[in-house]
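Start at 1 with the first residue, then count along the sequence.
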Amino acid sequence: MDLPERKMKILRAIIRNYLETGEPVGSRTISKYSDLNLSSATIRNEMSDLEEMGLICQPHTSAGRIPTDAGYRIYVDDMLSEERRQVNDMKEVLLKKEDKLENLLKDVAKLLASNTNYASMVSTPVVKQNKIKFIQLSQIDPQNVLAVIVIEGNLVRNTMIRVDEVLDARTLLALNMLLNNSLCGLSVDEINLGLIASIKKQAGIHSEIIGDVIDSAAQAIRPDEKPRIYTSGATNFFRYPELADNTNKTSLLINDFEEKDTLGSIVHESLENNSDSNGIQVYIGNEVPMASMQDCSVVTATYDLGDNMKGTIGVVGPKRMDYDRVIGVLTQIMHQLDTMFRKE
């Protein structure tokens with residue numbers, strides 16, 4: 001929906017004032033915004049039009065107006081087209097190279113909750129359509145060969161293969177060359193029965209070993225559908241009366257938030273839909289794919305580490321969320337993670 005500039009300014013003013021106070025907004029309050037330069041009568045007429053369009057509503061007689069979900073949607077879409085606010089105070093933390101990505105992501109969840117005063121979630125990267133980069137077989141002892149499988153993103157998977165004989169250096173070299181020449185650069189969908197049969201035939205008497213290695217390699221590059229999710233700041237829900245005034249609903253909200261598996265639907269949808277919004281997704285009210293969060297807004301960002309490794313960072317809060325700040329923070333974090341870990 002394209003709003004005339006004056007109506008858009010008034011809608012922005014209503015939402016921004018409601019974000020700050022949590023109280024219905026009247027025309028007199030809006031008239032105090034110096035950049036509008038409109039009379040109270042003109043503002044009342046415009047507010048009446050916005051109400052007819054379903055963008056604001058009157059919670060009860062004689063009250064001011066509050067935004068509807070549709071109003072929030074117009075506001076967010078308009079805001080996403082403008083330059084994101086930079087959040088410099090997050091930069092120093094994200095520039096610290098952590099030994100392990102997971103430790104960094106846990107810290108990001110905590111800092112995000114502290115920085116925004118909302119609940120936060122961060123998922124580990126989901127790797128889709130992995131491809132094999134390298135395979136190395138090494139004899140560990142007379143009964144075991146270690147298969148080191150390196151996949152895109154430089155992720156390493158180790159598998160122990162049982163053998164009935166000691167393989168000499170020449171045999172191991174030949175098997176390593178066969179595996180790498182045949183499998184490197186392939187995804188799990190490209191390793192078909194015909195290819196497996198051809199590799200086993202070339203391996204001759206060592207076909208059983210090769211079969212075990214191929215099975216392990218196929219398992220290593222199978223897409224990870226269940227990333228780990230780290231959360232922080234669940235107690236921030238109690239900061240907002242509209243989320244904390246019903247004990248049963250609040251308990252369900254917190255339980256679902258802290259039950260990591262249930263957040264998987266948000267991560268999955270965010271990753272599936274990120275291509276059209278530069279990595280940012282905003283879910284308002286009943287757009288949230290979790291019933292217990294339909295009094296909330298959820299803002300997510302998709303970070304991309306390269307080599308098909310993508311994850312989600314997100315914030316959950318009331319509909320009167322400070323969208324400007326949240327999107328600015330998430331955008332900054334997303335770009336910092338991309339810069340730090342993307343492989344050139």
Query raised in the report: Measuring from T124:OG1 to R228:CZ, what's the distance to the nearest 0.5 Å?
Result: 4.5 Å
**Report entry** Nearest-0.5 Å distance that lies between atom CD in Q136 and atom CG in N176
**Finding:** 4.5 Å
Query - Derivation and outcome, side-chain hydrogen bond (donor to acceptor under 3.5 Å, both in side chains), residues T312 and Y303 - result: CA-CA 6 Å; T312 296; Y303 65 87; over 6 Å; no
Report summary line: Heavy-atom nearest pair, Y18 first then P67, reads CD2-CD, 3.4 Å
Query raised in the report: Is there a chain of hydrophobic side chains (I, L, V, M, F, W, Y, each step under 4.5 Å between heavy atoms) that links F238 to L243?
Result: yes
Report task. Calculate, to the nearest 0.5 Å, the distance between atoms CD1 and SG belonging to I66 and C57 respectively. Result -> 4.0 Å
**Report entry** Distance in Å, I14 CD1 paired with K9 NZ, rounded so as to fall on 0.5 Å steps
**Finding:** 14.5 Å
Query raised in the report: With no hydrogens and no angle check, is any side-chain donor or acceptor of E258 less than 3.5 Å from a backbone partner on N255?
Result: no
**Report entry** Minimum-distance pair of heavy atoms, taken over all atoms of S292 and D256
**Finding:** OG-OD2, 2.7 Å
Requested in this report: Over all heavy atoms of both residues, which pair between I161 and S216 is shortest? Give the atoms and the distance, please.
Outcome: CD1-OG, 4.1 Å
Requested in this report: Answer yes if L173 and F134 sit in the same cluster of Ile, Leu, Val, Met, Phe, Trp and Tyr residues linked by side chain heavy atoms under 4.5 Å apart, and no otherwise.
Outcome: no
Query raised in the report: Do we see a donor-acceptor contact under 3.5 Å between the side chains of N248 and S251?
Result: no
Query raised in the report: Taking only residues two or more places apart in sequence, or in another chain, which ones meet E23 in a side-chain contact (heavy atoms from CB on, under 4.5 Å)?
Result: T21
Requested in this report: List the steps, then state whether side-chain contact (heavy atoms from CB on, under 4.5 Å) holds for L38 with R6.
Outcome: CA-CA 9 Å; L38 299 174; R6 188 163 73 182; 3.5 Å; yes
Query - Min side-chain heavy-atom separation Y283-T300 under 4.5 Å - result: yes
**Report entry** Pair S297-Y323, side-chain donor/acceptor within less than 3.5 Å
**Finding:** yes
Query raised in the report: In Å and rounded to the nearest 0.5 Å, what is the CD1 to CD1 distance from I15 to I10?
Result: 12.5 Å
Report task. Check whether any side-chain N or O of Q332 sits under 3.5 Å from a backbone N or O of V329 as a donor-acceptor pair, and report yes or no. Result -> no
Query raised in the report: What is the ring orientation for F237 with F257, classed by angle as parallel under 30°, tilted 30 to 60°, or perpendicular over 60°?
Result: perpendicular
Query raised in the report: Taking the side chain as C-beta and beyond, is there a heavy-atom pair between I132 and I191 under 4.5 Å?
Result: yes
Report summary line: Separation between CD1 (I254) and CG (N236), nearest 0.5 Å, reads 10.0 Å
Query raised in the report: Hey, are the side chains of T116 and L112 touching, using non-hydrogen atoms and a 4.5 Å cut-off?
Result: yes
Query raised in the report: Can you list the residues that meet the side chain to side chain donor-acceptor pair (under 3.5 Å) rule with N180, with sequence neighbours excluded?
Result: none
**Report entry** Residues that D212 engages under side chain to side chain donor-acceptor pair (under 3.5 Å), provided they are two or more places apart
**Finding:** none
Report task. Please report the shortest heavy-atom distance between A301 and I280, naming the atom on each side. Result -> CB-CD1, 3.7 Å
Query raised in the report: Got more than 12 heavy atoms from elsewhere within 6.0 Å of CG, D164?
Result: no
Query raised in the report: For M293 and L263, what are the C-alpha separation, side-chain angles and deciding distance, and is it a side-chain contact (heavy atoms from CB on, under 4.5 Å)?
Result: CA-CA 11 Å; M293 292 188 181; L263 292 174; 3.7 Å; yes
Requested in this report: Can you run down the salt bridge (charged side-chain N to carboxylate O under 4.0 Å, His left out) pairs that involve residues 239-248, sequence neighbours left out, and say none if there aren't any?
Outcome: E242-R320
Report task. Under 4.5 Å between side-chain heavy atoms, chaining through other members, with only Ile, Leu, Val, Met, Phe, Trp and Tyr counted: pull out the rest of the cluster around L252, sorted by chain and number. Result -> none
Requested in this report: State, with a plain yes or no, whether a side-chain heavy atom of S138 is found less than 4.5 Å away from one of V148.
Outcome: no
Query raised in the report: Quick one: side-chain contact (heavy atoms from CB on, under 4.5 Å) partners of M160, sequence neighbours excluded?
Result: I140, N144, L146
Query raised in the report: What pairs with S39 under side chain to side chain donor-acceptor pair (under 3.5 Å), at least two apart in sequence or on another chain?
Result: T42
Query - Backbone of V25 reached by a side-chain donor or acceptor of T29 within 3.5 Å - result: no
Query - Polar side-chain atom of N17 near backbone of A13 as donor-acceptor pair, under 3.5 Å - result: no
**Report entry** pair M321-Y118: side-chain heavy atoms closer than 4.5 Å
**Finding:** yes
Requested in this report: Taking side-chain contact (heavy atoms from CB on, under 4.5 Å) as the test, write out the residues that go with A70, two or more places apart.
Outcome: L55, T68
Query raised in the report: Does anything in residues 62-71 pair up under salt bridge (charged side-chain N to carboxylate O under 4.0 Å, His left out), and if so which pairs, sequence neighbours excluded?
Result: E51-R65, D69-K319
Query raised in the report: Closest heavy-atom contact between S40 and S27?
Result: O-CB, 4.1 Å
Requested in this report: For K110, enumerate each residue passing the side-chain contact (heavy atoms from CB on, under 4.5 Å) test, keeping only those at least two apart in sequence or located in another chain.
Outcome: S232
Query raised in the report: Does the pair Y240 and N117 meet the rule for a side-chain contact (heavy atoms from CB on, under 4.5 Å), with working shown?
Result: CA-CA 10 Å; Y240 307 99; N117 289 324; 3.9 Å; yes
Query raised in the report: In chain order, what residues pass the side chain to side chain donor-acceptor pair (under 3.5 Å) check against R44, with sequence neighbours excluded?
Result: none
Report task. Decide side-chain contact (heavy atoms from CB on, under 4.5 Å) for L195 and I214; before the verdict, give the C-alpha distance in whole Å, the side-chain angles of both, and the deciding distance to 0.1 Å. Result -> CA-CA 10 Å; L195 176 62; I214 293 175; over 6 Å; no
Query raised in the report: Taking the side chain as C-beta and beyond, is there a heavy-atom pair between V166 and D141 under 4.5 Å?
Result: no
Query raised in the report: When you measure from the side chain of S120 to the backbone N and O of V315, does any donor-acceptor pair fall under 3.5 Å?
Result: no
N/O donor to acceptor pairs below 3.5 angstrom from side-chain atoms of residues 198-206, sequence neighbours left out:
from, atom 1, to, atom 2, distance (Å)
S198, OG, Q202, NE2, 3.4
Q202, NE2, S198, O, 3.4

Query raised in the report: Is there side-chain contact between I229 and V267, with heavy atoms separated by less than 4.5 Å?
Result: yes
Query raised in the report: Would you say L11 and I74 make side-chain contact, with heavy atoms under 4.5 Å?
Result: yes
Query raised in the report: Has the side chain of Q139 got a donor or acceptor atom that lies under 3.5 Å from a matching backbone atom of L167?
Result: yes
**Report entry** Donor-acceptor side-chain pairing of D324 and Y75 below 3.5 angstrom
**Finding:** yes
Query raised in the report: Is atom CD of Q58 surrounded by more than 12 heavy atoms (other residues, nucleotides or ligands) closer than 6.0 Å?
Result: yes
